[in-house]
Structure formats: C-alpha cells, structure tokens
Amino acid sequence: MSGSLVLAVESSCDETGVALVADGRRILASVVASQVALHAPTGGIVPEVAARAHLRWIVPTLAEAWSDAGVSWSDVDAVAVTSGPGLAGSLLVGINFAKALAYVHELPLVGVNHLEGHLYAAWLEDATDPAREEPELPALALIVSGGHTFLSVTRRGLRHEHLGGTVDDAAGEAFDKVGRLLGLPYPGGPAIARAAESAVRHEVRFPRAWLPGTDDFSFSGLKTAALRVVAEARTVAGIDLADRETPLPGPVVAELAWGFQDAVVDVLATKTIRAAERVGAATIVLGGGVAANTALRARLAGEAEALGIPFVVPAPDLCTDNGAMIGAAGARRFTAGERAGLDLDARPTWPLGAP
Ligand code: KG4
Ligand code: ZN
C-alpha cells in the first residue's frame with residue numbers, strides 16, 4: 001500500500017469532497033463543501049439542485065485542497081472518483097471532473113464504490129489518535145448512511161461479503177424522516193442526536209424490528225410508530241388536529257428523539273455484535289453518516305470492549321461523506337492494478353462487493 005498519492009473526488013450526494021491521501025492512510029488535505037444550508041429550506045435533497053451546487057463548488061474545493069496539501073501534480077500517482085452508488089446527476093459532475101484531471105495530467109483514473117469508501121475510512125489515520133493501528137481482518141463492518149444500512153465482512157483486502165441489510169428504509173433516512181415529523185431542522189440525524197442529549201425523561205419506548213435469524217434490518221415500522229406517537233403527543237399537549245404549525249413542547253420532542261434514537265441504536269448495535277461473534281471478527285468497523293452518532297459510537301465501543309474485539313470508527317467528519325474515504329479505497333484499488341477508462345460512467349445503484 002505504500003508509495004501512492006491519490007487525488008480523490010466525491011460528489012455522490014450533497015457534499016462536494018476533494019482530498020489528497022498518501023498510502024491510502026495519511027490525509028494531506030480533505031476539503032468538503034457542504035450543501036446542508038442549500039437543502040434546509042426544502043427539508044431534503046432536490047437532485048437537480050445538488051448537481052448544480054457540485055458544479056459550482058468543485059473547482060474551489062480542489063483549489064483549497066491543493067493549498068492545504070503542500071504537494072503538486074507531479075507528486076500525484078492517480079485520480080480516484082466515486083462512480084456509485086448515488087444520485088446520477090451528482091455523480092456525473094465528480095466523474096467528469098476527475099476524468100478531465102486524469103486526462104490533462106496523464107494520470108490513471110480509478111472508479112470507487114462510495115460504500116467501500118465509507119468502509120475504508122476506518123483505515124485512515126486518526127489525527128486525534130495517531131497510535132491507532134489499521135483494523136485487522138476479518139473485519140465486520142456496519143455501514144449506516146442516508147441511503148444504505150448493511151452488515152458486511154471483509155476477510156481479505158477488497159473482498160467484501162454482504163451479510164444483510166435493510167429491507168426498507170436506511171437508518172439515516174429514518175433519522176431524517178422522524179426529524180421532520182418532530183419539527184427538527186434538516187438534516188434530521190444530527191438534530192435528533194442533539195435533541196436526544198437534552199432529554200430529561202427517558203420513558204417512551206419505540207418498537208424494535210429484530211428480523212430474527214437474519215442480518216437484516218427494518219426501520220419503516222419505527223417511522224409509522226413515530227407518526228402515531230407524535231400524533232398522540234400533540235393531542236396530549238392540547239394542539240388542535242388541524243393545527244400543523246404549533247410545535248410540540250421542547251421536552252416532549254427531546255424525549256421522543258431519545259426514544260427513537262435508542263431503538264435504532266439498540267437494533268444496530270445488537271445485530272452488529274451478534275454478527276461479529278458469529279463470523280469471528282478480529283475488528284468491528286463502523287462507517288457512514290449515521291456513524292457520526294455519539295450514542296451509536298458509545299454503545300458499540302462498550303459492547304465490543306466487553307467482548308475483547310477492537311472497535312474502529314473514523315472521526316465524525318470522516319463518517320459523513322468526504323473525499324478522504326474515497327482516497328483510502330481508491331489507493332487500494334489503484335495498488336491492486338485497477339484502472340478506469342475515460343468511458344467511466346455513473347453507477348447510481350452499485351452494491352458493495354459487486355464487481
Ligand atoms: O454517509 P452520509 O453523509 O451520506 C450518504 O451516503 O447517505 O450520511 C448522511 C446521513 C443522513 O441521513 C444524516 O441524517 C445522518 O447521516 N447523520 C446522522 C448524524 N450525522 C449524520 N444520523 C444520526 N446521528 C448523527 N450525529
Ligand atoms: Zn455516504
């Protein structure tokens with residue numbers, strides 16, 4: 001893995017990321033232009049708006065990465081870019097940008113699976129914990145993002161076996177939808193986490209879908225339960241059914257946010273630990289935007305420690321979408337000899353592990 005410097009581009013969803021990563025591990029620069037403020041008024045991502053924003057911000061993002069990195073084009077060995085899964089229009093901006101860079105600078109181009117990026121983010125150096133070792137294989141991974149939720153096991157480098165995943169909504173999607181139900185700002189994940197932390201009462205209990213005997217998840221029932229619980233809470237608070245403007249009292253929102261988060265974290269952590277024991281994992285890895293959640297991180301860290309299995313989760317800003325994780329996966333694909341042509345196309349649906 002040594003001796004590679006990869007320039008990586010990520011634009012699959014609503015963050016424009018450019019990074020320079022050495023040896024698939026050391027981050028020389030990682031710049032993310034976030035579209036959160038842009039999508040807040042609509043309470044969700046409008047694909048066309050996202051694609052235009054990538055176009056607007058990708059060049060300034062690259063410029064800032066160069067000024068942070070202290071290296072030049074002659075040092076770069078390859079250009080890596082997310083080619084899927086994600087929003088087609090958003091992906092195409094990054095892909096065409098990366099193709100142009102690779103062509104002009106006569107560099108190899110590597111197409112990267114976004115989910116493999118989330119996975120290999122755990123192999124990046126941690127500035128807050130420089131002594132942390134690379135995760136040992138076999139690694140059991142829980143990847144939880146806005147679009148995906150699954151468990152996989154990596155027994156050899158770049159070989160990932162899918163164990164199970166959500167049969168309906170992704171965990172992040174559930175956070176976002178329930179956040180909106182509770183009248184919290186977009187995106188719902190961090191807003192629910194903040195509200196949950198301020199909860200004083202911890203009585204409410206949301207249902208858990210265990211789907212026994214599988215490594216699958218289901219979050220749609222939880223969303224339906226949230227709809228019902230929020231309606232009940234509004235009635236109890238004396239808010240008229242027709243009144244959609246008056247918000248629930250803050251302490252009620254906090255308790256419901258806590259109850260929802262507790263149910264999601266309980267299911268994710270319990271099933272991850274079970275799978276890790278079953279496959280004889282040497283490491284448990286957590287990745288994807290929802291991995292930024294403090295309660296989930298703490299719960300998995302505690303349970304993994306009790307079992308004596310090392311647990312690795314990237315810093316929160318490397319869990320949400322960024323270019324560095326694409327550099328981590330891209331460097332491994334590059335070192336393994338993978339090359340994409342200038343006909344590289346967007347793959348909006350591309351499961352981890354599929355060729
Ligand atoms: O990986 P990501 O940045 O984009 C996708 O690939 O989807 O994940 C975004 C998701 C959103 O649903 C967001 O609400 C969620 O991650 N998220 C969180 C937190 N931070 C981001 N969910 C729970 N707690 C958080 N602290
Ligand atoms: Zn992502």
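This one's a predicted model, so the numbers in the text were calculated from it and none came from an experiment. Order of appearance sets the numbers: ligands from 1, and atoms from 1 within every ligand.
- Between Phe217 and Phe219, the angle of the ring planes stays under 30°, which puts this pair in the parallel group of the 30/60° scheme.
- Each of the atoms 20 (N), 26 (N) of ligand 1 lies under 4.0 Å from some heavy atom of Ala292.
- Every heavy atom of Cys13 sits 4.0 Å or more from the atoms of ligand 1.
- Inclusion of His114 in the first shell of the Zn ion (ligand 2) is supported: an N, O or S atom falls under 2.8 Å.
- Taking atom 13 (C) of ligand 1 as the reference point, the nearest protein heavy-atom neighbour is Asp176 OD1, 3.8 Å.
- Side-chain atoms of Arg234 come within 3.5 Å of backbone atoms of Asp243 as a donor-acceptor pair (strictly under, hydrogens ignored).
- Under 4.0 Å from ligand 1, heavy atoms of Thr320 appear from its side chain as well as its backbone.
- Every atom of ligand 1 with a heavy atom of Gly172 under 4.0 Å away is listed here by number and element: 12 (O).
- The distance from atom CG of Leu256 to atom CD of Glu232, rounded to the nearest 0.5 Å, is 10.0 Å.
- Asp169 places no side-chain N or O within donor-acceptor distance of the main-chain N or O of Ser220, the cut-off being under 3.5 Å.
- Neither the backbone nor the side chain of His148 comes within contact range of ligand 1; no heavy atom lies under 4.0 Å.
- Asn322 places a side-chain N or O within donor-acceptor distance of the main-chain N or O of Thr320, the cut-off being under 3.5 Å.
- In this structure, the side chain of Glu255 engages the main chain of Val204 through a donor-acceptor pair within 3.5 Å.
- Between the side chain of Thr270 and the backbone N or O of Val267, no donor-acceptor pair lies under 3.5 Å.
- For ligand 1, the polar-atom distance check against Gly189 finds a nitrogen or oxygen pair separated by under 3.5 Å.
- Residue His118 touches ligand 1 through its side chain alone, judged by heavy-atom distances below 4.0 Å.
- Distances below 4.0 Å separate heavy atoms of His114 from the following atoms of ligand 1: 6 (O).
- Counting only non-hydrogen atoms, the option in Gly147, Ala121, Gly146 that gets closest to atom 10 (C) of ligand 1 is Gly146.
- Coordination check, His148 versus the Zn ion (ligand 2): failed, since every N/O/S atom of the residue sits at 2.8 Å or beyond.
- Using cut-offs of 30° and 60° for the angle between ring planes, the Phe206 and Phe260 rings count as perpendicular.
- The NE2 atom of His118 and the OD1 atom of Asp321 subtend an angle of 100° at the Zn ion (ligand 2), given to the nearest 10 degrees.
- Nearest non-hydrogen protein atom to atom 3 (O) of ligand 1 is Asp321 N, 3.1 Å.
- The minimum heavy-atom distance between Ala171 and Val264, with the atom names listed, is CB-CG1, 4.4 Å.
- When only non-hydrogen protein atoms are considered, atom 21 (C) of ligand 1 lies nearest to Gly289 O, 3.4 Å.
- Rounding to the nearest 0.5 Å places NE2 of His148 at 8.5 Å from OG1 of Thr349.
- Applying the 4.0 Å criterion to heavy atoms of Asn293 picks out, from ligand 1, the atoms 23 (C), 24 (N), 25 (C), 26 (N).
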